[in-house]
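Following: one structure in structure tokens, then a few remarks.
One is the number of the first residue; the rest follow in order along the sequence.
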Amino acid sequence: MRPIQFAYAALLLLLTLLWWLADPLLPNGYEYFALRTVAINYTGVIGIGVMSVGMILALRPVRLEPLLDGLDKTYRLHKWLGITGLLFSVIHWLWAQGTKWAVGWGWLAKPERVPGPPLTDPVEIFFRAQRGLAESVGEWAFYAAVVLIVLALAKRFPYRLFFKTHRLLALAYLALVFHSVLLTPFAYWSQPMGIVLAVLMAGGSVAAVVSLAGRVGHRRKAVGEIEELVNFPDNRVLKVAIRFKDRWPGHEAGQFAFVTFSTDEGAHPFTISSGWQGDGRLFFLIKGIGDYTARLPELLHVGDLVTVEGPYGRFEFSSGKRRQIWVGGGIGITPFIARMKALAVASDGREVDLFYSTAEPDPDFIARLRRDAQAAGVRLHVLVSARDGRLDVARICDTVPAWAEADVWFCGPGGFGQALREGFVAKGLAPKDFHQELFDMR
């Protein structure tokens, strides 16, 4: 099981177990309204719990990268938690509102309220008095969260708008925390369930405030100046070379950074395409695959100031194998270029075969790639899909007979990577020996 799958399952299991200990299932039998109360409590706990962890992960915590196998995997977990929070919130809302509708339509008869013992705790009395407000705030925050999460998942929603609207989720989250604190069964707060919820919501609230203040990754940002632009028109790739004016901590080949060329557009993640020489310089190879990136050759100029945040990621080519197979699909070639530039300076002694599969070959780009491979001692195999057909596991294994002695490093389209992973595992490669960059931040 991958680290993010384990973390996801463990979080849901932990919250479920703590809820079970605090609120045993159906204490009053199988009567509908007893079931409704239990369902509302459970879906509320899961919903706010996973949203809180997702909000914390939005801070891009580098200390969690070793545990989750990189920020790219952390963002995948963040996405799963957002979807899970949305699903449980919808179920929570349906149990709450659907029952009210059913009573109003005469489908259900609301049981008579049995007076309980008088309240003595002033905090509980205060919470009980705010229930109406908390329900209203929670309902409107739920509607806002649904819209914002759906927009975040819609790939066609422009990135520049996503960058602005997604931050508003922090406001919706804070409103949902207010709702949860006041409506969580008061008995929970004296049990492990309440302690864990309090910690998660406190952490999520801090993360929300940091996000609203625009301080995410603030300490890892450095200002640089564009000192070179090279356009490769045939494959729509732009080389952007940057010289830092601030201190850059350095990076490993395979890592990426968030780059802000325009404050209106926001930060975009790009793989760093150069090794670190300690000279305050790096460059990115950016493919024009969206409205904004396609216009970068005309928008950017030498001398422009940019902000770079990072480095992030753990696609770092470390393994115990003496042989490696690299596969770069399209612009996924970028981490391998950085690694080759590092190997040209200090070889690690491994035998490496690099497969570059492209549908848009650029002669100048490929010529530079060949020079980098020669300098690094890497065997380069270039495949143009229109000429050579699709790259698959059989072709890689035929080209590298000793493939079983290697581990595989892939960066490129997700479907391509999944097909290669499944093919290699079917041939006997250990799943842990297939390394893939999940370069999808939304």
TODO: Mark yes or no for whether Gln255, through its side chain, and Gly313, through its backbone, hold a donor-acceptor pair below 3.5 Å.
DONE: yes

Task: Residue pair Ala406 / Ile325: nearest heavy atoms and the distance that separates them - done: CB-CG1, 4.0 Å

- [ ] To the nearest 0.5 angstrom, please state how far the CG atom of Asp433 sits from the CH2 atom of Trp409.
- [x] 9.5 Å

Task: Thr99 side-chain N/O to Ala96 backbone N/O, donor-acceptor pair under 3.5 Å - done: no

- [ ] Taking atom CD of Gln374 as the centre, report whether more than 12 heavy atoms of other residues, nucleotides or ligands fall under 6.0 Å from it.
- [x] no

Open item on the list: Let me confirm one number: the OH-CG distance from Tyr75 to Leu68, rounded to the nearest 0.5 Å.
Closed with: 13.0 Å

- [ ] Please name the pair of heavy atoms, one in Val146 and one in Leu86, separated by the smallest distance, quoted to 0.1 Å.
- [x] CG2-CD1, 3.5 Å

TODO: Using the side chain to side chain contact (heavy atoms under 4.5 Å, CB included) rule, take Val240 and Leu229 through it: C-alpha gap first, then chi angles, then the decisive distance, then the call.
DONE: CA-CA 5 Å; Val240 182; Leu229 293 168; 3.9 Å; yes

Task: Enclosure of Trp140 CH2 (heavy-atom neighbours >12, cutoff 6.0 Å) - done: no

TODO: Flag the pair Ile333 / Leu354 as yes when at least one side-chain heavy-atom distance between them is below 4.5 Å, and no otherwise.
DONE: yes

- [ ] Check the surroundings of atom CZ in Arg219: do more than 12 heavy atoms from other residues, nucleotides or ligands lie under 6.0 Å from it?
- [x] no

- [ ] Any chance you could measure Ile331, atom CD1, to Ile289, atom CD1, to the nearest 0.5 Å?
- [x] 8.0 Å

Task: Arg36 side-chain N/O to Trp95 backbone N/O, donor-acceptor pair under 3.5 Å - done: yes

Open item on the list: Using modelled atom types and a 3.5 Å cut-off, is there a donor and acceptor pairing between side-chain atoms of Ser180 and backbone atoms of Ile48?
Closed with: no

Task: Inter-residue atom distance Asn235.CG - Lys287.NZ, 0.5 Å rounding - done: 5.5 Å

Open item on the list: For a quick test of reading the model, state the closest non-hydrogen atom pair linking Ile242 to Gly224 and the distance between them.
Closed with: CG2-CA, 3.8 Å

Task: Ring geometry between Phe244 and Trp248 (parallel below 30°, tilted from 30 to 60°, perpendicular above 60°) - done: parallel

Open item on the list: Any non-hydrogen side-chain atom of Phe261 less than 4.5 Å from a side-chain atom of Ile286?
Closed with: yes

TODO: Please say whether the positively charged group of Arg220, taken as NZ for Lys or CZ for Arg, lies over the ring of Tyr312, i.e. under 6.0 angstrom from the six-membered ring centre and within 45 degrees of the axis.
DONE: yes

Open item on the list: Within the structure provided, determine whether Lys245 and Leu305 are in side-chain contact (heavy-atom separation under 4.5 Å).
Closed with: yes

Task: Arg368/Asp364 ion pair, N-O < 4.0 Å - done: yes

Task: CA sep, side-chain torsions, deciding dist, call: His92, Phe142, ring-ring contact (aromatic ring centres under 6.0 Å, His included) - done: CA-CA 10 Å; His92 181 85; Phe142 162 75; 8.5 Å; no

Task: Minimum-distance pair of heavy atoms, taken over all atoms of Leu380 and Ala373 - done: CB-CB, 3.9 Å

- [ ] Take Tyr188 and Asp23, measure what side chain to side chain donor-acceptor pair (under 3.5 Å) needs, and give me the verdict at the end.
- [x] CA-CA 8 Å; Tyr188 282 15; Asp23 196 357; 2.9 Å; yes

- [ ] Tell me, yes or no, whether the heavy-atom count around Asp291 atom CG, taken from other residues, nucleotides or ligands under 6.0 Å, exceeds 12.
- [x] no

Task: Side-chain donor-acceptor contact under 3.5 Å, Ser52 with Tyr173 - done: yes

Task: More than 12 heavy atoms from other groups under 6.0 Å of CD on Gln436 - done: yes

Task: Leu15 side chain reached by Leu200 side chain, heavy atoms, under 4.5 Å - done: yes

Open item on the list: To the closest 0.5 Å, what do you measure between OG (Ser273) and NZ (Lys239)?
Closed with: 9.5 Å

TODO: Take Leu420 and Phe434 through the test side chain to side chain contact (heavy atoms under 4.5 Å, CB included) and record every step on the way to the result.
DONE: CA-CA 9 Å; Leu420 291 183; Phe434 190 96; 3.9 Å; yes

Open item on the list: In the structure I gave you, are the side-chain heavy atoms of Asp362 and Pro233 within less than 4.5 Å of one another anywhere?
Closed with: yes

Task: Test item: Leu238 and Phe232 side chains (from C-beta on) under 4.5 Å apart, heavy atoms - done: no

Open item on the list: Working to the nearest 0.5 angstrom, can you tell me the gap between Ile56 CD1 and Met51 CE?
Closed with: 14.0 Å

- [ ] State whether Arg2 and Asp69 are salt-bridged, where the test is any N-O pair (Lys NZ or Arg NE/NH1/NH2 against Asp/Glu carboxylate O) under 4.0 Å.
- [x] no

TODO: Look only at the side chain of Arg281 and the backbone of Ala241, and say whether a donor-acceptor pair between them is shorter than 3.5 Å.
DONE: no

Open item on the list: Under 4.0 Å between a side-chain nitrogen and a carboxylate oxygen: does that hold for Glu228 and Arg243?
Closed with: no

TODO: Flag the pair Ile366 / Tyr356 as yes when at least one side-chain heavy-atom distance between them is below 4.5 Å, and no otherwise.
DONE: yes

Open item on the list: Checking the side chain of Thr74 only, and the main-chain atoms of Gly70 only, is there a donor and an acceptor separated by less than 3.5 Å?
Closed with: yes

Open item on the list: Taking CZ in Arg379 as the centre, count heavy atoms belonging to other residues, nucleotides or ligands within less than 6.0 Å. Is the count above 12?
Closed with: yes

- [ ] Could you tell me whether Glu265 and Arg295 have a side-chain N and a carboxylate O separated by less than 4.0 Å?
- [x] no

Open item on the list: Taking the basic N atoms (NZ, or NE/NH1/NH2) and the acidic carboxylate oxygens, is any pair closer than 4.0 Å for Arg323 and Asp353?
Closed with: yes

Open item on the list: Students often mix this up, so state it plainly: with edges at 30° and 60°, are the rings of Trp19 and Tyr42 parallel, tilted or perpendicular?
Closed with: tilted

Open item on the list: Donor-acceptor check, side chain of His435 to backbone of Ser318, threshold 3.5 angstrom: yes or no?
Closed with: no

TODO: Run the numbers on Phe317 and Phe315 for ring-ring contact (aromatic ring centres under 6.0 Å, His included), then give the verdict.
DONE: CA-CA 6 Å; Phe317 302 95; Phe315 194 76; 5.3 Å; yes

- [ ] Please answer whether the main-chain N or O of Gly54 pairs with a side-chain N or O of His78 as donor and acceptor at a distance below 3.5 Å.
- [x] yes

Open item on the list: With a 4.0 Å cut-off on N to O distance, would you call Arg322 and Glu405 a salt bridge?
Closed with: no

Open item on the list: If you define the side chain from C-beta out and look only at heavy atoms, does anything of Glu422 sit under 4.5 Å from Val425?
Closed with: no

- [ ] Test Arg339 against Asp348 for salt bridge (charged side-chain N to carboxylate O under 4.0 Å, His left out), laying out the working first.
- [x] CA-CA 11 Å; Arg339 181 60 175 167; Asp348 63 3; 2.9 Å; yes

Task: Nearest atoms (heavy-atom pairs only) where Met55 meets Ala170 - done: CE-CA, 3.9 Å

Open item on the list: When you measure from the centre of the six-membered ring of Phe163, is the NZ or CZ of Arg167 closer than 6.0 Å and no more than 45° off the axis?
Closed with: yes

Task: Whether over 12 other heavy atoms sit under 6.0 Å from Lys321 NZ - done: yes

- [ ] Could you go through the side chain to side chain contact (heavy atoms under 4.5 Å, CB included) check for Phe258 and Val216 one step at a time?
- [x] CA-CA 11 Å; Phe258 290 88; Val216 175; over 6 Å; no

TODO: Specify the closest pair of heavy atoms between Ser274 and Leu282, including all atoms of both residues, with the distance to one decimal.
DONE: OG-CA, 3.2 Å

Open item on the list: Whether the side chain of His251 engages the backbone of Pro249 through a donor-acceptor N/O pair (distance < 3.5 Å, no angle test) should be reported.
Closed with: no

Open item on the list: Run Asp264 and Arg160 through side chain to side chain contact (heavy atoms under 4.5 Å, CB included) and show every step you take.
Closed with: CA-CA 7 Å; Asp264 290 336; Arg160 67 182 183 280; over 6 Å; no

